[in-house]
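Since the structure comes first, as structure tokens, the remarks are kept for the end.
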Amino acid sequence: VQLQAFGGGWVQTGGSLRLSCAASGGTFRSGTMGWFRQAPGKEREFVAAYRWNEYYADSVKGRFTISRDNAKNTVYLQMNSLKPEDTAVYYCAAGNTIITSTIREKTAYGYWGQGTEVTVSS
């Protein structure tokens, strides 16, 4: 299974970006697809995930929206009202056996994309 993320770039504070992550070689229709991010010098952190419901980190709730197209095996992350602290490399991740209590934990995900960089300038 491969995950490939697209859509990163540079944007000014308050701007928007939409990330996409397409899975190939397997399906996660019954599983979980999500996004994590890693800023320079920091640990990789949970951003959002989608299984039967949407899950968000408190820092992005109300600004980011995760969605999924099962027919395309693709997950999206619409990021609005971006802030400089959102600057990071964003990774998509997936897994078919993730339980709700661990959905925010990076160790629960078995498949990872290569990352796409998001830079928000002040």
Side-chain angles (χ1 to χ4, degrees):
V1 176
Q2 287 191 327
L3 301 176
Q4 192 155 16
F6 303 91
W10 179 92
V11 66
Q12 290 187 321
T13 296
S16 299
L17 284 174
R18 188 191 194 210
L19 306 183
S20 303
C21 175
S24 59
T27 180
F28 299 98
R29 294 181 181 181
S30 304
T32 303
M33 297 185 78
W35 293 92
F36 288 74
R37 67 186 182 187
Q38 188 166 16
K42 295 188 176 181
E43 290 193 7
R44 193 170 298 188
E45 64 176 7
F46 172 77
V47 176
Y50 192 108
R51 194 170 60 181
W52 305 115
N53 295 304
E54 300 168 27
Y55 302 83
Y56 296 98
D58 289 343
S59 59
V60 307
K61 204 173 292 184
R63 300 187 297 122
F64 291 10
T65 302
I66 190 170
S67 61
R68 184 162 160 177
D69 185 336
N70 280 336
K72 296 181 179 180
N73 224 11
T74 298
V75 66
Y76 305 95
L77 186 68
Q78 177 66 44
M79 305 186 294
N80 298 329
S81 302
L82 283 161
K83 306 175 181 180
E85 50 264 45
D86 295 317
T87 295
V89 177
Y90 283 69
Y91 297 89
C92 62
N96 278 319
T97 59
I98 299 171
I99 59 176
T100 303
S101 61
T102 63
I103 205 165
R104 291 176 173 82
E105 297 176 18
K106 54 184 180 288
T107 54
Y109 293 76
Y111 301 94
W112 290 86
Q114 83 285 7
T116 183
E117 191 166 359
V118 172
T119 302
V120 185
S121 68
S122 57

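Keep in mind that the numbers below use all heavy atoms, side chains included, and drop hydrogens, waters and symmetry copies. Nothing fancy with the numbering, it's 1 onward along the sequence.
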Here the disulfide (SG to SG under 2.5 Å) pairs for residues 27-91, sequence neighbours left out, are none
Residues passing the side chain to side chain donor-acceptor pair (under 3.5 Å) test with Gln114, sequence neighbours excluded, are none
Please table the atom pairs, donor to acceptor, closer than 3.5 Å between any side-chain atom in residues 26-33 and protein atoms at least two apart or in another chain.
from  : atom 1 : to    : atom 2 : distance (Å)
Thr27 : OG1    : Arg29 : N      : 3.3
Arg29 : NE     : Asn70 : O      : 3.4

Applying ring pair (Phe, Tyr, Trp, His ring centres under 6.0 Å) to Phe46 and not counting sequence neighbours gives Phe36
Review point. Going hydrophobic residue to hydrophobic residue with side-chain gaps under 4.5 angstrom, can you get from Val47 over to Tyr55?
Key: no
> Around Glu45, counting heavy atoms of other residues, nucleotides and ligands shown, do more than 12 lie under 6.0 Å from its CD?
Replying inline: yes
Contacts satisfying ring pair (Phe, Tyr, Trp, His ring centres under 6.0 Å) that involve residues 66-104 (not counting sequence neighbours) are none
Scanning both residues in full, the closest heavy-atom pair of Ile66 with Tyr50 reads CD1-N, 3.7 Å
Donor-acceptor pairs under 3.5 angstrom involving side-chain atoms of residues 100-109: please list them, not counting sequence neighbours.
from   : atom 1 : to     : atom 2 : distance (Å)
Thr100 : OG1    : Arg51  : NH2    : 2.5
Thr102 : OG1    : Ile99  : O      : 3.1
Tyr109 : OH     : Ile103 : O      : 2.6

Contacts of Lys61 meeting salt bridge (Lys or Arg N to Asp or Glu O under 4.0 Å) (sequence neighbours excluded), chain-then-number -> Asp58
Sorted by chain and number, sequence neighbours left out, side chain to side chain donor-acceptor pair (under 3.5 Å) with Tyr56 holds for Glu54
Is Ile98 linked to Val1 within one hydrophobic cluster, defined over Ile, Leu, Val, Met, Phe, Trp and Tyr using a side-chain heavy-atom separation of less than 4.5 Å? no
Salt bridge (Lys or Arg N to Asp or Glu O under 4.0 Å) pairs touching residues 76-102, sequence neighbours excluded, are Arg37-Asp86, Arg63-Asp86
Could you please spell out the steps behind the side-chain contact (heavy atoms from CB on, under 4.5 Å) verdict for Met79 and Trp35?
-> CA-CA 12 Å; Met79 305 186 294; Trp35 293 92; over 6 Å; no
Problem set entry | Whether Thr119 side chain and Thr87 backbone form a donor-acceptor pair below 3.5 Å | no
May I have the list of side-chain donor-acceptor pairs in residues 4-22 shorter than 3.5 Å, sequence neighbours left out?
from  : atom 1 : to     : atom 2 : distance (Å)
Thr13 : OG1    : Ser121 : O      : 2.7
Ser16 : OG     : Asn80  : OD1    : 2.9

